[in-house]
Amino acid sequence: NTLVIVFGTAAESAIAKQAPPKIEVDQGEVRVLMSALRNEPVELALRGGGTVQATSKEAVVERKGDRSTIAVFDGSARVTNQGKRVEVPKNFGTRFVGKQAPMAPRPLPAAPTWKTAPEPIVILSAQADAWTNQWVSTIAAKAHRVELSRDVDFAAIDLRQEVPGTVDSFVARKIPAGDYFLRIRSIDKEDFLGIASEPRRTTVIRVAVESGSFSQLGTTLAVTADTVIALDAPPGTTISIDGAAPTAVPAKLAFADVKPSKIMFASASGSMELAVSFP
């Protein structure tokens, strides 16, 4: 529900080359990314009045009705409305409604902390297709925002979901194999978006059972002698069987052929050793 209007670029209009394109936010949310690396601000105009000049690797501008809210997570932003201006530093926010002057910058909601231990490697299958993470909010949150990305900078977000403030866990199902980063933000009762939690990096490996049986109980794989599984792992993920040198994860693994007692998976996210149990 975001409308962004780009009025032109230097190559297509009479705008001077040193001037950035003008963007007007009508309704919705716009993320400003990476402008600090170019050492030049991104300027947004807000429908009905007001401007935001952000020199930041990440800032969020939200227009809801006639209310404009600005949250700065890096660098700074200059917010102007009706001739009144405030400078918003990192991890602070401001807002204004209609023709009001921007409010004095206030601290953004603090980052949630993780309740469950990190899982650098997660194996998902048709029998066990849930990847669960829990957190603890440091404020009386109105809502939480879950963000999942394949990019450590979250420049592109694969999933963004808001849940009520009473919810403290995120369960992902049917997630494809890949390397993922997960973070949580709290939203306070004034609708200010909060600072992100520490991101979690996890490698998801998908398993399809072709014959026999396969299940994971904690750090133990329970299989039968005739178990054959198909493995879908992202590039760079390795497997080591009974302490042998790591190799690329094979497309299939027949336990009758290798008869392992332990298997080690490793990736850029970390490693996980599993004991193998036969009946």
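Residue numbers run from 1 in the order of the sequence given. From a predicted model like this one, the values you see are computed outputs, not experimental measurements.
In the hydrophobic clustering of ILVMFWY residues, with side-chain heavy atoms under 4.5 Å counting as a link, L231 and M264 come out apart. By the criterion of side-chain heavy atoms lying less than 4.5 angstrom apart, applied directly or through intervening Ile, Leu, Val, Met, Phe, Trp or Tyr residues, I175 is grouped together with L159 in one hydrophobic cluster. Under a hydrophobic-cluster definition in which Ile, Leu, Val, Met, Phe, Trp and Tyr are linked whenever side-chain heavy atoms come within less than 4.5 Å, directly or via other members, M272 and V223 are assigned to the same cluster. Taken together through direct or relayed side-chain contacts under 4.5 Å among Ile, Leu, Val, Met, Phe, Trp and Tyr, I229 and I263 form part of one hydrophobic cluster. Note on L274 and I121: same hydrophobic cluster, where clusters join Ile, Leu, Val, Met, Phe, Trp and Tyr whose side-chain heavy atoms are under 4.5 Å apart, directly or indirectly.
Using modelled atom types, one side-chain atom of T94 and one backbone atom of M103 make a donor-acceptor pair closer than 3.5 Å. Listed for the D188 side chain is a donor-acceptor partner under 3.5 Å among the backbone atoms of E190. Checking side-chain atoms of S240 against main-chain N and O of A245 turns up no donor-acceptor pair under 3.5 Å. Of the possible donor and acceptor atoms, none in the side chain of W131 sits under 3.5 Å from a partner among the backbone N and O of V204. For the pair T202 (side chain) and E119 (backbone), a donor-acceptor distance under 3.5 Å is present. Not a single donor-acceptor pair under 3.5 Å links the side chain of T237 to the backbone N or O of S267. A donor-acceptor contact shorter than 3.5 Å links the side chain of Q27 to the backbone of G65. Of the possible donor and acceptor atoms, none in the side chain of H144 sits under 3.5 Å from a partner among the backbone N and O of I184. Put simply, the side chain of S56 gets close to the backbone of D74: a donor and an acceptor are under 3.5 Å apart.
Judged by the 6.0 Å and 45° rule, R160 forms no cation-pi pair with F154. Relative to the six-membered ring of Y180, R201 misses at least one condition, a distance below 6.0 Å or an angle of at most 45° to the axis. For the pair R95 and F192, the cation sits on the ring face: its NZ or CZ lies under 6.0 Å from the ring centre, inside 45° of the axis.
Note on R85 versus E87: salt bridge recorded, some NZ/NE/NH1/NH2 to OD/OE distance being below 4.0 Å. Checked for salt-bridge contact, R183 and E58 meet the test: a charged N lies under 4.0 Å from a carboxylate O. Contact check on R206 versus D129 returns a salt bridge, with a Lys/Arg side-chain nitrogen under 4.0 Å from an Asp/Glu carboxylate oxygen. We find that D26 and R47 are joined by a salt bridge, their nearest charged nitrogen and carboxylate oxygen being less than 4.0 Å apart. Using a 4.0 Å cut-off between a side-chain N of Lys or Arg and a carboxylate O of Asp or Glu, D66 and K99 do not qualify as a salt bridge.
When the shell of 6.0 Å around CD of Q134 is examined, it contains more than 12 heavy atoms from other residues, nucleotides or ligands.
Considering OG of S197 and CG of L182, their distance stands at 7.0 Å, rounded to 0.5 Å. Taking OG1 of T69 as the start and CG of L46 as the end, the distance is 10.0 Å to the nearest 0.5 Å. Residue I139 holds its CD1 atom at 9.0 Å from CD1 of I187, rounded to the nearest 0.5 Å.
For the pair V60 and E29, the minimum side-chain heavy-atom distance is below 4.5 Å. Within the 4.5 Å cutoff, no side-chain heavy atoms of I205 are placed close to those of L124. Between W135 and T113 there is no side-chain heavy-atom pair separated by less than 4.5 Å. F278 is listed as a side-chain neighbour of P260, based on a closest heavy-atom distance under 4.5 Å. No side-chain heavy atom of N81 sits less than 4.5 Å from a side-chain heavy atom of V79. Taking the side chain as every heavy atom from C-beta outward, F181 and E147 never approach each other to under 4.5 Å. Between T224 and P279, the closest side-chain pair of non-hydrogen atoms falls below 4.5 Å. Counting heavy atoms from C-beta on, the side chains of F92 and V86 never come closer than 4.5 Å.
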### Message
Please determine whether salt bridge (charged side-chain N to carboxylate O under 4.0 Å, His left out) holds for the pair R150 and D158, giving the CA-CA distance in whole Å, both sets of side-chain angles, and the decisive distance to 0.1 Å.
### Response
CA-CA 7 Å; R150 297 173 189 262; D158 293 82; 3.5 Å; yes
### Query
Could you go step by step and tell me if D191 and R67 meet the salt bridge (charged side-chain N to carboxylate O under 4.0 Å, His left out) rule?
CA-CA 11 Å; D191 282 334; R67 185 187 71 190; 3.1 Å; yes
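A side-chain donor-acceptor contact under 3.5 Å links S125 and Q127. Side chains of D226 and S211: no donor on one and acceptor on the other come within 3.5 Å.
Closest approach of R31 to A155, counting heavy atoms only: NH1-O, 3.8 Å.
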